[in-house]
Amino acid sequence: TIHHSPFTSSPITLIGAGLVGSLLAVFLAKRGFRVEVYERRPDMRTAPAGAGRSINMAMSTRGIHALKQVGLDEEIMAMAIPLAGRTIHLVEGDMSFQPYGQKEEEVIYSVSRAELNKALITAAEKYEGVRFHFNERCTGVALRTGVVYVRDERTDHTRSIPLQQLIGTDGSASAVRTALLSAGRFDISQQYLDHGYKELTIPPGPGGTFMLASNTLHIWPRGLYMLIALPNPDGSFTCTLFFPHEGEYSFSSLSTPEKVLDFFSHQFSDAVPLIPNLAEAFFANPTGNLVTVKCFPWHYQNSILLMGDAAHAIVPFFGQGMNCGFEDCTLLDECIEQYGPDWERIFEVFGKLRKENVDAIADMALTNYIEMRDRVTDPAFLLQAQAGLLLEQRYPDLFIPKYSMVSFHRLPYAEALRRADIQESILQQLCASITSVEEIDWPSADRLIKERLIKD
Ligand code: FAD
């Protein structure tokens, strides 16, 4: 038999079949490329689940748009739970709801990381030219000779594979990024937060019912730290405690089951009865670190590119890491469309267009931690948030609240940050001497918006 292959170019090698690598495989396959993906872990569709990073995550417009481009949005949305806003749980037990947006479609979605990743791998594998190699860890890349080293995790056997184009989608501790250090003139910084995170579970109630309202993200903001909870389709919630590593109230100070229970029952009293074996789970579950990684350039000549967390790991407080990585795929696809098959140009333009935007979301994500854990209970913040929604109603093309620009629109992150800073100062000015939105001085609002937020 004659094997007919539609592929004329050599395969593109991807390192890492996480969220970004597996979606990127679909994008590249759709353009007719052969793709070989090396993933250090076993195939998650058949292997028992290990303790991964974050069980569920928030997906929003940028991520959904990328899925739509490759025709996967409907399949993925079918397994997602819409979240219309935040439910704030105060220490005394009172709750209040703050909507994320104001149009019906302005919601974010809670999705299971594992189910999403599995669906993307399966979708990529449907293309004839895509192959996944599981249990294969990249241990290094020889830049000048164009070889990638891959070790079989079961046999410890290492082989070298020649590469034409290699894309490192191997996450925040990327081995491909490490290899780029030897290229010279490669900038890199990593900044760890003094805070880490721990996941805990609220199981479903009788008959798979939710024990808290299901279409909202729950936050227990406590100033220096916070607990959050996102729903899962089986009726459970995954809670995440974001908490200092050291200090008076910290992972290191909560050293015994008694201290954990005492702390939780004072700070998160309404959550405690919902989390069985709280102290046991607290010590059994790992404590994760939170890091921002910035580096540049992301490419080496025409052969290597970094994407997703490998290029730009950010802290999770804007729910954007994956969305940003998916948006990377959208942009790379556009660059291929425009400059293919000149890979050096594709990689260079991709980096140039993307860098300031990922730096902007990295910074917004850091700031949002303070907003979520502290400002959401501050009356001045709430007044400004309400005023922001009213300004958006009145000037829908000019004034869009920051959360909405990031989560419900696709304008570049750097532009969102620039406009958000101007909007913040307008809101501060308008709200400085009022206590309710009825008192907004609309002629001043008109003037400030026209002067300072000119439509591009
Ligand atoms: P990863 O998902 O880390 O995938 C990398 C893959 O590469 C993995 O499969 C890994 O096994 C493999 N790999 C690593 N090294 C090698 C190697 N040497 N050889 C071969 N394979 C290798 N983002 C959101 O958009 N919304 C959220 O709500 C959200 N919540 C989060 C909550 C937490 C607590 C954390 C930590 C992150 C959160 N994120 C969120 C960010 C999101 O998880 C990441 O941005 C996203 O996973 C990045 O995808 P990636 O494919 O680049 O990297």
Side-chain angles (χ1 to χ4, degrees), residues 13-25 36-44 47 50-64 66 80 83 108-114 116-118 120-121 132-141 148-153 158 166-179 193 195-199 217 228 230 238-242 285-293 306-329 358 361-362 365 368-369 372 406-407:
T13 308
L14 302 189
I15 303 298
L19 297 170
V20 175
S22 44
L23 178 63
L24 182 61
E36 302 281 334
V37 193
Y38 296 88
E39 165 57 51
R40 74 176 157 84
R41 284 189 237 164
D43 186 344
M44 61 198 310
R53 284 185 323 165
S54 79
I55 289 160
N56 54 18
M57 43 216 306
M59 188 167 73
S60 50
T61 295
R62 293 164 202 266
I64 296 166
L83 309 177
I108 61 170
Y109 293 87
S110 174
V111 283
S112 148
R113 172 192 289 272
L116 173 57
N117 208 153
K118 289 180 198 170
L120 293 174
I121 293 172
F132 284 86
H133 307 267
F134 294 102
N135 301 295
E136 300 261 26
R137 178 196 290 265
C138 166
T139 56
V141 185
V148 54
Y149 300 100
V150 174
R151 185 177 73 211
D152 186 321
E153 296 284 80
T158 299
L166 176 140
I167 303 182
T169 47
D170 49 346
S172 60
S174 168
V176 179
R177 188 177 68 223
T178 303
L193 282 195
H195 294 212
Y197 70 94
K198 190 180 289 283
E199 293 190 329
L217 184 148
I228 67 166
L230 264 81
T238 303
C239 305
T240 312
L241 174 67
F242 293 98
N285 296 352
T287 305
N289 285 315
L290 297 165
V291 68
T292 304
V293 179
L306 301 175
M307 287 176 68
D309 276 18
H312 46 73
I314 65 177
V315 295
F317 305 110
F318 226 119
Q320 283 294 311
M322 166 191 71
N323 288 289
C324 175
F326 282 9
E327 196 173 57
D328 283 1
C329 297
V358 302
I361 189 58
N368 222 46
Y369 187 21
M372 285 177 82
V406 169
S407 307

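Just follow the structure's listing: the first ligand is 1, and inside any ligand the first atom is 1.
- Of the options R113, E327, R41, the smallest heavy-atom separation from atom 37 (C) of ligand 1 is shown by R113.
- Looking at E39 next to ligand 1, an N or O pair under 3.5 Å apart turns up.
- Where the criterion is an N or O separation shorter than 3.5 Å, residue side chain and backbone included, N323 meets it with respect to ligand 1.
- Taking every non-hydrogen atom of T169 and a distance limit under 4.0 Å, the qualifying atoms of ligand 1 come out as 5 (C), 6 (C), 7 (O).
- Of the inter-residue distances, the one linking D170 atom CG with E39 atom CD reads 9.0 Å to the nearest 0.5 angstrom.
- With a heavy-atom cut-off of 4.0 Å, A58 touches ligand 1 through backbone and side chain alike.
- Heavy atoms of Y38 found under 4.0 angstrom from ligand 1 belong exclusively to the backbone.
- For ligand 1, the atoms closer than 4.0 angstrom to any heavy atom of I15 are 19 (N), 20 (C).
- Interface atoms of ligand 1 facing G321, defined by a heavy-atom separation under 4.0 Å, are 23 (N), 24 (C), 25 (O), 41 (C), 45 (O).
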Would I228 and F242 count as a side-chain contact (heavy atoms from CB on, under 4.5 Å) here? Give the steps.
CA-CA 8 Å; I228 67 166; F242 293 98; 3.8 Å; yes
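- In terms of N/O distances under 3.5 Å, ligand 1 is not approached by F242.
- Of the candidates G18, P316, A313, the one placing a heavy atom closest to atom 32 (C) of ligand 1 is P316.
- Counting heavy atoms under 4.0 Å from ligand 1, residue M59 does not touch it at all.
- At under 3.5 Å, a nitrogen or oxygen of R40, whether backbone or side chain, sits near a nitrogen or oxygen of ligand 1.
- The atoms of ligand 1 that sit less than 4.0 Å from any heavy atom of A175 are 18 (N).
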Can you give me every donor-acceptor pair (side chain of residues 16-23, partner residue at least two apart or in another chain, under 3.5 Å) with its distance?
unit_1: S22; atom_1: OG; unit_2: G18; atom_2: O; d: 2.5
unit_1: S22; atom_1: OG; unit_2: N117; atom_2: ND2; d: 3.3

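- Below 3.5 Å of separation, one finds an N or O of M322 facing an N or O of ligand 1.
- When all heavy atoms are compared, the tightest approach of D328 to G308 is OD2-N, 3.0 Å.
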Kindly determine whether F132 and D43 satisfy side-chain contact (heavy atoms from CB on, under 4.5 Å), including the steps that lead there.
CA-CA 9 Å; F132 284 86; D43 186 344; over 6 Å; no
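- Considering only heavy atoms from C-beta on, I121 comes within 4.5 Å of M44 through its side chain.
- Under the side chain to side chain donor-acceptor pair (under 3.5 Å) criterion, R40 pairs with no residue at all, not counting sequence neighbours.
- Residue E136 has at least one heavy-atom neighbour below 4.0 Å for each of these atoms of ligand 1: 20 (C).
- Ring geometry for Y369 against H195 counts as perpendicular: the plane angle is over 60°, on a 0 to 90° scale with 30° as the lower cut.
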Between M307 and L24, is the side-chain contact (heavy atoms from CB on, under 4.5 Å) condition met? List the steps.
CA-CA 9 Å; M307 287 176 68; L24 182 61; 3.7 Å; yes
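- In terms of polar-atom proximity, defined here as any N/O pair under 3.5 Å, D309 does make such a contact with ligand 1.
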Using the side-chain contact (heavy atoms from CB on, under 4.5 Å) rule, take Y38 and H133 through it: C-alpha gap first, then chi angles, then the decisive distance, then the call.
CA-CA 5 Å; Y38 296 88; H133 307 267; 3.6 Å; yes
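- Less than 4.0 angstrom separates some heavy atom of G308 from each of these atoms of ligand 1: 52 (O).
- By the criterion of a heavy-atom distance under 4.0 Å, both the backbone and the side chain of C138 are placed next to ligand 1.
- A donor-acceptor pair under 3.5 Å is absent between the side-chain atoms of T139 and the main chain of R151, judged by distance alone.
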